[in-house]
Amino acid sequence: MTVKLLRVGPPGRETPALLDETGRLRDLSGVIDDVDPAFLATDGLARLAGIAAHELPPIDGTGLRIGPPLHPGKIVCIGLNYRDHAAETGAALPTEPVVFLKAADTVVGPGDPVLVPRGSTRTDWEVELAVVIGRKARYLPSAEAAMDCVAGYAVSHDVSEREFQLDRGGQWDKGKSCETFNPLGPWLVTADEVPDPQDLRLRLWVNGVLRQDGTTKDMVFPAAEIVRYLSQFMVLYPGDVINTGTPAGVALGQPEPKPYLVTGDVVELEIDGLGRQRQTLAPA
């Protein structure tokens, strides 16, 4: 069974669910406790494969909040990983992946508000493909071995505050880990539903204006190589998330005056087959 997993309900009280092939929500709470690292670490996806989706209780999704599809163990991010994005920011193409970490508690649902940090004047958007790890990965020998460790994929919004990131001591994490700075979802789409993660279109709109329109074909380092590479420096565990970089079109790369996000702005983003997000910016 191919699966789109999600979690629905109020923050902190989400119910695990799946989206069946007809687009109907089905309740998984009688089968699993949650979509979390423990579920992935115990071959939860394999256990779901034997379940007939139409036999699960339906959920009325009217007015129902969609939460993040999982709460990750850690978020590892790759910077400057699209050729066109590196060009727009004036940076040279990296010879090895640029790696930084983002706090896991930045994760919110795909429709939750994004909070503009106090004092911020340079809050920016970044649509990204998220890779979700499904089994422990350490010192992987090949791209093929890396793909065996991937549970699935999701839409990730790697919100950034550029002054905090670039002008406040050189620590990227400061501009990446503000609260609500990583809307995730709506779904965790299992790897078997994504035949080629390097053939996905990513798009993002701000107030209805298309700002990013790229493809994962433009990645400097493809998803499999990123997983393999990271496993040489850190252990990746089930439930860890990797944000794989963003294509051109961020506010940082625009001419002056750069159109950074402010309270009241609406950001919408999507990736082929992985769903769509919509956030309204609010004050922190």
Side-chain angles (χ1 to χ4, degrees), residues 1-36 39 44-45 48 51-72 104-116 123 125 127-130 132 152-159 178-190 193 202-211 239 241 261-284:
M1 178 178 66
T2 56
V3 174
K4 291 182 174 74
L5 295 174
L6 64 162
R7 299 165 69 251
V8 296
R13 292 180 291 153
E14 294 92 347
T15 296
L18 65 79
L19 195 70
D20 69 20
E21 293 182 354
T22 69
R24 193 170 190 183
L25 278 177
R26 299 283 180 171
D27 188 353
L28 276 173
S29 62
V31 179
I32 63 174
D33 293 329
D34 202 355
V35 183
D36 57 12
F39 163 76
L45 291 178
L48 287 184
I51 295 172
H54 69 273
E55 296 179 356
L56 295 170
I59 298 175
D60 182 3
T62 305
L64 191 61
R65 170 185 176 267
I66 298 177
L70 82 161
H71 283 295
D105 62 7
T106 58
V107 168
V108 294
D112 291 343
V114 166
L115 302 181
V116 178
T123 296
W125 58 82
V127 57
E128 305 205 7
L129 173 67
V132 179
Y153 305 91
V155 181
S156 186
H157 188 182
D158 179 21
V159 188
C178 304
E179 59 183 329
T180 74
F181 263 28
N182 206 136
L184 189 68
W187 315 313
L188 166 57
V189 180
T190 50
E193 278 206 20
L202 312 86
R203 290 185 290 179
L204 180 146
W205 297 259
V206 179
N207 300 325
V209 177
L210 181 64
R211 291 294 190 179
V241 167
L261 296 170
V262 297
T263 294
D265 283 345
V266 176
V267 181
E268 298 171 274
L269 53 151
E270 66 182 16
I271 300 178
D272 288 348
L274 303 185
R276 188 177 178 94
Q277 300 187 1
R278 184 182 191 275
Q279 297 107 33
T280 299
L281 279 289

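- The minimum heavy-atom distance linking L19 with G23 is given by the pair CD1-O, 3.3 Å.
- Taking each heavy atom of I59 and A17 in turn, the nearest pair found is CD1-CB, 3.9 Å.
- The side-chain hydrogen bond (donor to acceptor under 3.5 Å, both in side chains) check on R203 picks up E270, with sequence neighbours excluded.
- The salt bridge (Lys or Arg N to Asp or Glu O under 4.0 Å) search around D265 returns none, not counting sequence neighbours.
- Contact annotation: the side chain of L261 never approaches that of V114 to less than 4.5 Å [non-hydrogen atoms, C-beta and beyond].
- Between V262 and V116, the closest side-chain pair of non-hydrogen atoms is not below 4.5 Å.
- Every residue two or more places apart in sequence or in another chain was checked for a salt bridge (Lys or Arg N to Asp or Glu O under 4.0 Å) with R24, and none qualifies.
- For the pair F181/T123, a side-chain contact is recorded, criterion being any heavy-atom separation below 4.5 Å from C-beta on.
- Looking at heavy atoms from C-beta onward, V267 lies out of side-chain contact with V127 at the 4.5 angstrom threshold.
- Contact of the P16 side chain with the V35 side chain is registered, since non-hydrogen atoms from C-beta on lie closer than 4.5 Å.
- No side-chain heavy atom of P113 sits less than 4.5 Å from a side-chain heavy atom of T280.
- Under the salt bridge (Lys or Arg N to Asp or Glu O under 4.0 Å) criterion, D36 pairs with no residue, sequence neighbours left out.
- Across L202, L129, L269, V189, a single residue satisfies side chain to side chain contact (heavy atoms under 4.5 Å, CB included) together with V155, and that is L269.
- Scanning for side-chain contact (heavy atoms from CB on, under 4.5 Å) contacts around R65 gives P11, E14, P68, D112, with sequence neighbours left out.
- Shown here for P69 and G185, the closest heavy-atom pair between the two residues is CD-CA, 3.6 Å.
- Judged purely by distance below 3.5 Å, without hydrogens or angles, the side chains of Q279 and H157 pair a donor atom with an acceptor atom.
- If you take NE2 on H54 and OG1 on T22, they are separated by 11.5 Å, rounding to the nearest 0.5 Å.
- Taken to the nearest 0.5 Å, the CZ atom of F39 stands 4.0 Å off from the CG atom of L48.
- The nearest pair of heavy atoms linking A104 to P72 is CB-O, 3.7 Å.
- By the 4.5 Å heavy-atom criterion applied to side chains, S156 and N182 are counted as neighbours.
- Counting heavy atoms from C-beta outward, L18 and I51 have side chains that stay 4.5 Å or more apart.
- Annotation: the span from R211 atom CZ to E268 atom CD amounts to 13.5 Å, rounded to 0.5 Å.
- In this structure, the side-chain contact (heavy atoms from CB on, under 4.5 Å) partners of E179, at least two apart in sequence or on a different chain, are L115, A284.
- Residues passing the side-chain hydrogen bond (donor to acceptor under 3.5 Å, both in side chains) test with E128, sequence neighbours excluded: none.
- Among residues two or more places apart in sequence or in another chain, the side-chain contact (heavy atoms from CB on, under 4.5 Å) test is passed with P57 by D27.
- Residues that satisfy the side-chain hydrogen bond (donor to acceptor under 3.5 Å, both in side chains) test with D33, not counting sequence neighbours, are absent from this structure.
- Between the CG atom in L64 and the CG atom in L6 there is a gap of 8.5 Å [rounded to 0.5 Å].
- In this structure, I32 CD1 and L5 CG are separated by 6.5 Å, a value rounded to the nearest 0.5 Å.
- Partners of R26 according to the salt bridge (Lys or Arg N to Asp or Glu O under 4.0 Å) rule, which considers only residues two or more places apart in sequence or in another chain, are D20.
- Within the model, atoms OG1 of T190 and OH of Y153 stand 10.5 Å from one another, a figure rounded to the nearest 0.5 Å.
- The shortest heavy-atom contact between G273 and W187 is O-CZ3, 3.7 Å.
- Not counting sequence neighbours, the partners of P186 by the side-chain contact (heavy atoms from CB on, under 4.5 Å) test are I66, P110.
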